[in-house]
Amino acid sequence: MASSIAHFLVFSAIIVVHFSSTQAEVQGSFDDNFSKSCPETHFKTSEDGQIWYLSLDKKAGCGFMTKQKYRFGWFSMKLKLVGGDSAGVVTAYYMCTEDGAGPTRDELDFEFLGNRTGEPYLIQTNVYKNGTGNREMRHVLWFDPTEDFHTYSILWNTHQIVFFVDRVPIRVYKNANYTNNFFPNEKPMYLFSSIWNADDWATRGGLEKTNWKNQPFVSSYKDFNVDGCQWKDPYPSCVSTTTQNWWDQYDSWHLSSDQKLDYSWVQRNLVIYDYCQDTERFPKKPEECWLNPWE
Ligand SMILES: *[C@@H]1O[C@H](CO)[C@@H](O)[C@H](O)[C@H]1NC(C)=O
Ligand SMILES: *[C@@H]1O[C@H](CO)[C@@H](O)[C@H](O)[C@H]1NC(C)=O
Ligand SMILES: *[C@@H]1O[C@H](CO)[C@@H](O)[C@H](O)[C@H]1NC(C)=O
Ligand SMILES: *[C@@H]1O[C@H](CO)[C@@H](O)[C@H](O)[C@H]1NC(C)=O
């Protein structure tokens, strides 16, 4: 295991250098690209405007969303999560077709489930198509996500959706080569983030309650980074055959051989829950679970 860690640390460093030349980081002000929904008191930025702080207390949480919609691309952000006793607190970072839990929404989720001091955070991912989710996976991380900023990214094209943590693929969600009801690829999505109280389910299944003595709970964000296709209503854009973007090309349709090594390390060591393996909940294995993430 130690050598695997060494492997992907080295690998990640190389990849970071490789990608930094092609990425367009958003260095404007928050208001250029986002709108927020929270009381003024619950949203702060650093003096230079580049770090954003969302806070949760007993009265309110906080969230923001992009002004722009996107269809396919690479979506990335650095987050530093609530530290200390954060049981019950969930920070979400996700893409969704709608502002609200509409019954026909598509959604790609990262959710960070807080914990008691010293107990591990869990990262939960989920995929919704036309309002149907129930495709949870849960992972532990190989670092403490409250100590420093780490990068959480989504690669989305017509062939696959990959969830990355610091450039390590932790989840691969494949499309099929036939019309299906599980792969979101028709509708453009906004990117969202929010912090809220979820102590009815989040930590040890809801057993651990939020300790409000520790409020406010604060999550920090920086380096929002999109290399994707902006969707311009009312005309459908982002037609893949006419674009030459790396995230839409053959090499991005499947994991690279180095990514496969990292992914297999994650599969062996970090997966806590995989709905595809939950035969009690799904006596009939969901259709997408038969697709091969290695192809
Ligand atoms: C952010 O906003 C600016 C100004 O409206 C726009 O030009 C740019 O494309 C936006 N960036 C992203 C990643 O959507
Ligand atoms: C999406 O879901 C709605 C309601 O759940 C259903 O009526 C509709 O047929 C579905 N659309 C597709 C394209 O499957
Ligand atoms: C779809 O993919 C499967 C598995 O990779 C393959 O066996 C099959 O031939 C493919 N079908 C079409 C129509 O390309
Ligand atoms: C919180 O810590 C407990 C005890 O270590 C662990 O069982 C659980 O998976 C952790 N995370 C969550 C979200 O419950």
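Every number for a ligand or one of its atoms is a count from 1 in the order of the listing.
- A salt bridge does not link Arg135 with Glu107: every distance from a Lys NZ or Arg NE/NH1/NH2 to an Asp or Glu carboxylate oxygen is 4.0 Å or more.
- By the 6.0 Å and 45° rule, Arg105 stacks over the aromatic ring of Tyr128.
- Ligand 4 places these atoms under 4.0 Å from at least one heavy atom of Leu113: 13 (C).
- The distance from ligand 1 to the heavy atoms of Asn33 drops below 4.0 Å at these ligand atoms: 1 (C), 2 (O), 3 (C), 8 (C), 10 (C), 11 (N), 12 (C), 14 (O).
- In this structure, Thr91 contributes its side chain and Phe112 its backbone to no donor-acceptor pair below 3.5 Å.
- Between Thr203 and ligand 4, a contact under 3.5 Å exists for no N or O pair.
- For ligand 4 and Asn115, the ligand atoms under 4.0 Å from any heavy atom of the residue are 1 (C), 2 (O), 3 (C), 8 (C), 10 (C), 11 (N), 12 (C).
- For ligand 4, the atoms sitting less than 4.0 Å from at least one non-hydrogen atom of Pro120 are 1 (C), 2 (O), 5 (O), 10 (C), 11 (N), numbered in the order shown with element in parentheses.
- At distances below 3.5 Å, at least one donor-acceptor pair connects side-chain atoms of Tyr93 with backbone N or O atoms of Tyr152.
- For the 3.5 Å distance criterion, the side chains of Asn130 and Asn181 fail to qualify, holding no donor opposite an acceptor.
- Under a 3.5 Å cut-off, the side chain of Lys67 and the backbone N or O of Asn33 do not form any donor-acceptor pair.
- Proximity of a side-chain donor or acceptor of Gln249 to a complementary backbone N or O of Trp246 within less than 3.5 Å is not detected.
- Within the listing of ligand 1, atoms 12 (C), 13 (C), 14 (O) sit less than 4.0 angstrom from a heavy atom of Tyr70.
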Kindly print each ligand 2 N/O atom paired with any protein N/O atom under 3.5 angstrom away, one pair per line, or none if nothing qualifies.
{"residue": "ligand 2", "atom": "2 (O)", "partner": "Asn130", "partner atom": "OD1", "Å": "3.4"}
{"residue": "ligand 2", "atom": "2 (O)", "partner": "Asn130", "partner atom": "ND2", "Å": "2.4"}
{"residue": "ligand 2", "atom": "11 (N)", "partner": "Asn130", "partner atom": "ND2", "Å": "2.9"}
{"residue": "ligand 2", "atom": "14 (O)", "partner": "Asn130", "partner atom": "ND2", "Å": "3.3"}

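- For Tyr121, no nitrogen or oxygen atom sits less than 3.5 Å from a nitrogen or oxygen atom of ligand 4, counting backbone and side chain alike.
- At a 4.0 Å heavy-atom cut-off, ligand 1 does not touch Lys67 at all.
- For CH2 of Trp290, the number of neighbouring non-hydrogen atoms (other residues, nucleotides, ligands) closer than 6.0 Å is 12 at most.
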ring-ring contact (aromatic ring centres under 6.0 Å, His included) evaluation trace for Phe72 with Trp156 | CA-CA 5 Å; Phe72 308 131; Trp156 178 32; 5.0 Å; yes
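- Inspection of the Ser86 and Tyr121 side chains reveals an N or O donor paired with an N or O acceptor under 3.5 Å.
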